Amino acid sequence: MKFVIDRDHLVNAVNEVTRAISARTTIPILTGIKIDVNDEGVTLTGSDSDISIEAFIPLIEQDEVIVEVESFGGIVLQSKYFGDIVRRLPDKNVEIEVTTNNQTTIRSGQAFFTLNGLDVLEYPKLPEVSEGKQIRIPIHVLKNIIRQTVFAVSTIEVRPVLTGVNWIIKNGTLTAVATDSHRLALREIPIEAPEEEEYNIVIPGKSLSELNKILDEASDSLEIILANNQILFKLKDLLFYSRLLEGSYPDTSRLIPAETKSELIINAKAFLQAIDRASLLARENRNNVIKLSTLENGQVEVSSNSPEIGNVSEKLFSQSFTGEDLQISFNGKYMMDALRAFEGDDIQISFSGTMRPFVLRPRDAENPNEILQLITPVRTY
């Protein structure tokens with residue numbers, strides 16, 4: 001195998017596929033990047049067996065020659081060393097050649113490296129997801145869905161299914177839900193999918209977080225294919241595979257309170273900044289407990305108390321407060337995560353008691369499930 005490639009295209013592809021590679025894999029060859037060269041171009045692959053990313057570099061792009069191939073073939077090179085080398089190469093072009101016993105030479109300008117490679121035939125085959133149920137989603141919408149839900153997945157492996165985001169597709173609507181049993185994030189949008197088709201899948205939160213880093217909002221939309229316990233996100237020159245989590249996701253609809261005893265309308269940005277300030281002292285507390293109390297004239301007080309350090313309180317004007325007076329405590333980090341999902345709009349917080357979960361929604365939302373955040377209060381004595 002021998003080819004010359006534009007260094008910038010190679011570096012971009014290496015950076016993308018490296019996201020899927022883990023140093024803790026039980027399969028040693030998966031710490032490497034697989035490189036395949038054929039008459040269409042160069043394909044780089046990285047995988048940790050849960051996530052796999054394929055980046056394709058064509059021979060010619062917009063009438064510019066990107067790759068010149070002298071001979072076809074494949075090799076697996078250690079990602080740590082290969083990635084560090086290509087990022088530091090001095091010249092615009094890079095020549096890569098595989099010689100006997102998988103020895104690989106990398107030339108650029110006056111720099112010359114030799115790496116010991118691995119046989120490409122030993123690299124595990126990627127899952128077959130070429131045919132399956134297909135949907136299309138605009139990329140900016142998908143990025144919002146991920147941003148507004150993935151932070152609420154569980155980080156504890158006791159219930160593995162809760163480490164993922166539940167996607168329910170039904171009647172042309174996608175509902176994405178994440179919960180760690182202390183809080184819940186929900187987002188609902190209409191999508192391009194046959195109305196008769198229904199899916200209920202759980203995508204690992206880690207996979208969605210890595211996908212979100214790759215997605216370019218400048219692109220239009222992407223195709224999603226579901227098959228064989230795998231999901232494939234197809235972009236122009238990039239394929240992102242992820243396994244799906246097994247197990248039944250809990251029915252979260254019953255967690256959302258049906259009744260409201262108090263309702264607060266407040267600016268999300270101002271509220272977030274006040275919670276952030278109160279958290280400066282609360283962080284020393286194991287639960288980062290913040291207390292919210294209602295005052296007269298639509299004012300609310302945000303406070304926290306750390307016996308060893310001190311206390312903080314701040315009064316805020318709300319747009320309105322109706323219903324029973326309120327004193328409620330909650331985890332400050334959970335509240336800040338939820339408020340960041342609203343992008344600074346006015347929000348409506350519905351309370352159904354001091355020890356019942358409360359719900360945050362955009363003010364005057366036409367669809368009550370368009371975006372919803374739920375937080376369970378903290379019991380304080």
Side-chain angles (χ1 to χ4, degrees), residues 1-23 28-48 51-124 126 139 210-211 213-220 222 233-241:
M1 179 183 92
K2 186 176 181 183
F3 65 97
V4 177
I5 187 168
D6 176 78
R7 191 198 61 185
D8 291 345
H9 282 77
L10 180 60
V11 169
N12 288 340
V14 166
N15 289 342
E16 285 169 344
V17 302
T18 303
R19 294 182 186 281
I21 297 171
S22 168
I29 199 168
L30 290 184
T31 59
I33 293 176
K34 178 185 170 192
I35 304 170
D36 283 305
V37 180
N38 61 24
D39 58 357
E40 293 180 352
V42 178
T43 302
L44 274 65
T45 305
S47 178
D48 67 358
I51 299 173
S52 302
I53 301 175
E54 250 187 40
F56 176 69
I57 305 167
L59 299 180
I60 297 172
E61 189 174 73
Q62 295 175 347
D63 297 331
E64 183 188 352
V65 176
I66 308 298
V67 184
E68 293 179 33
V69 178
E70 195 168 307
S71 57
F72 304 146
I75 192 69
V76 179
L77 299 175
Q78 277 294 319
S79 65
K80 180 179 184 298
Y81 300 109
F82 182 60
D84 285 346
I85 288 168
V86 298
R87 290 183 197 103
R88 290 171 171 80
L89 289 174
D91 206 32
K92 184 179 185 300
N93 292 323
V94 182
E95 180 191 281
I96 297 175
E97 181 179 10
V98 178
T99 56
T100 53
N101 297 322
N102 296 314
Q103 279 242 321
T104 304
T105 60
I106 302 165
R107 290 187 181 86
S108 179
Q110 297 301 308
F112 178 87
F113 291 84
T114 303
L115 280 182
N116 297 323
L118 295 168
D119 188 346
V120 75
L121 297 176
E122 293 177 14
Y123 197 87
L126 288 188
I139 285 178
E210 291 301 331
L211 174 66
K213 294 171 188 172
I214 290 172
L215 293 175
D216 178 7
E217 287 193 25
S219 305
D220 195 13
L222 83 169
F233 298 88
K234 289 182 73 172
L235 291 108
K236 178 172 169 269
D237 290 325
L238 193 84
L239 302 179
F240 185 103
Y241 299 81

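All values below come from the heavy atoms of this structure, side chains included, with hydrogens, waters and symmetry mates left out. These numbers were taken from a predicted model, which means no experiment stands behind them.
Once rounded to the nearest 0.5 Å, the distance linking CG of Leu10 with CZ of Phe3 reads 6.5 Å. In this structure, the separation between OG1 on Thr45 and OH on Tyr241 is 8.5 Å, given to the nearest 0.5 Å. The distance from the CD1 atom of Ile85 to the CZ atom of Arg88 is 9.5 Å, given to the nearest 0.5 Å. The line from CD1 of Ile53 to CG of Leu239 is 10.5 Å long, rounded to the nearest 0.5 Å. In this structure, CD1 on Ile29 lies 5.0 Å from CG on Leu118, to the nearest 0.5 angstrom. Of the inter-residue distances, the one linking Asn93 atom CG with Asp6 atom CG reads 6.5 Å to the nearest 0.5 angstrom.
In this view, Glu122 satisfies the side-chain hydrogen bond (donor to acceptor under 3.5 Å, both in side chains) rule with no residue, not counting sequence neighbours. Glu40 is linked by a salt bridge (charged side-chain N to carboxylate O under 4.0 Å, His left out) to nothing, counting only residues two or more places apart in sequence or in another chain. Evaluation of the side-chain hydrogen bond (donor to acceptor under 3.5 Å, both in side chains) rule for Glu97 yields no partner, not counting sequence neighbours.
A heavy-atom distance below 4.5 Å is found between the side chains of Ile96 and Phe82. Between Val42 and Asp36, the closest side-chain pair of non-hydrogen atoms is not below 4.5 Å. For the pair Glu210/Arg19, a side-chain contact is recorded, criterion being any heavy-atom separation below 4.5 Å from C-beta on. Counting heavy atoms from C-beta on, the side chains of Asn116 and Leu77 never come closer than 4.5 Å. Residues Tyr123 and Ser47 form a side-chain contact, since some pair of their non-hydrogen atoms from C-beta on lies under 4.5 Å apart. Counting heavy atoms from C-beta on, the side chains of Ile66 and Leu59 never come closer than 4.5 Å. Side-chain contact between Phe112 and Thr105 is present, with at least one heavy-atom pair separated by less than 4.5 Å. Using a 4.5 Å cut-off on side-chain heavy atoms (C-beta onward), Leu30 and Pro124 make contact.
In Phe72, the CZ atom is crowded: over 12 heavy atoms of neighbouring residues, nucleotides or ligands sit closer than 6.0 Å. Within a 6.0 Å radius of CG in Asn101, other residues, nucleotides and ligands contribute 12 heavy atoms or fewer.
Taking the charged nitrogens against the carboxylate oxygens, Glu68 and Lys2 have no contact shorter than 4.0 Å, which rules out a salt bridge.
Nearest heavy-atom pair, Pro90 versus Ser108, reported as atom, atom and distance to 0.1 Å: CG-O, 3.3 Å. Considering every non-hydrogen atom in both Val14 and Leu44, the closest pair reads CG2-CD2, 3.6 Å.
A donor-acceptor contact under 3.5 angstrom links the side chains of Arg87 and Asn15, judged on distance only. Residues Gln78 and Thr31 bring a donor and an acceptor atom of their side chains to less than 3.5 Å of each other.
Here the side chain of Thr104 pairs no donor or acceptor atom with the backbone of Val98 at under 3.5 angstrom. Here the side chain of Asp91 pairs no donor or acceptor atom with the backbone of Val94 at under 3.5 angstrom.
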